[in-house]
Amino acid sequence: MAEQTFEIWALVELLGRQRIAGRVSEQVIAGAGFIRVDVPETPGRPAHTRYYNPSAIYGMTPTDEATATRLAASIYIPEIIPLTPARQLTDIEEDEL
């Protein structure tokens, strides 16, 4: 029997009243299963990927690509600013946290 791959467009609802929309699939990282959400590019925001532990997911609503893209554009996701040796945590302004 062939192994079935999970991959759908969806709105994902996370604990803590967070939401994210995009192409949802499964990915194993360091031997643990994660839910991968590939968020499409939207006006003013580049495409990006987020990983979630399945236990953090409250619900998932399958949809089509166009609807997932419209939802992704309407959901606020704060910009992730990576820390580098030149930009330590003490250098970040309080309003960026």
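Start at 1 with the first residue, then count along the sequence. Reckoned from all heavy atoms, side chains included, excluding hydrogens, waters and symmetry mates.
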Minimum heavy-atom separation for [X] to [Y], with atom names?
{"X": "His48", "Y": "Arg45", "result": "CE1-CD, 3.9 Å"}
{"X": "Glu7", "Y": "Ser25", "result": "CG-CB, 4.1 Å"}
{"X": "Ala68", "Y": "Gly22", "result": "CB-N, 4.2 Å"}
{"X": "Ile75", "Y": "Arg19", "result": "CG2-O, 3.2 Å"}
{"X": "Pro40", "Y": "Ala21", "result": "CD-O, 3.9 Å"}
{"X": "Arg36", "Y": "Asp38", "result": "NE-OD1, 2.9 Å"}

### Task
Check for a donor-acceptor pair, side chain of Arg50 on one end and backbone N or O of Ile20 on the other, with a separation under 3.5 Å.
no
### Task
Would you confirm whether Thr67, through its side chain, and Asp64, through its main-chain N or O, come within 3.5 Å as a donor-acceptor pair?
no
### Message
As an exercise, state the distance from CH2 of Trp9 to CD of Glu65, rounded to the nearest 0.5 Å.
### Response
4.0 Å
### Query
Once you round to the nearest 0.5 Å, how far does OH of Tyr58 lie from CG of Leu14?
12.5 Å
### Task
Identify whether Val12 and Val39 are in the same connected component of the hydrophobic contact network (ILVMFWY, side-chain heavy atoms under 4.5 Å).
yes
### Query
Looking at residues at least two apart in the chain, or sitting in another chain, which of them share a side chain to side chain contact (heavy atoms under 4.5 Å, CB included) with Asn53?
Ser55
Beyond-backbone contact of [X] with [Y], side-chain heavy atoms, under 4.5 angstrom:
{"X": "Tyr51", "Y": "Val37", "result": "no"}
{"X": "Leu11", "Y": "Met60", "result": "no"}
{"X": "Ile57", "Y": "Ile35", "result": "yes"}

### Query
Do Phe34 and Val28 pass the side chain to side chain contact (heavy atoms under 4.5 Å, CB included) test, and can you show the C-alpha distance, the side-chain angles, and the key distance before you say yes or no?
CA-CA 6 Å; Phe34 284 83; Val28 175; over 6 Å; no
### Task
Identify, with sequence neighbours excluded, every residue that meets side chain to side chain donor-acceptor pair (under 3.5 Å) alongside Gln18.
none
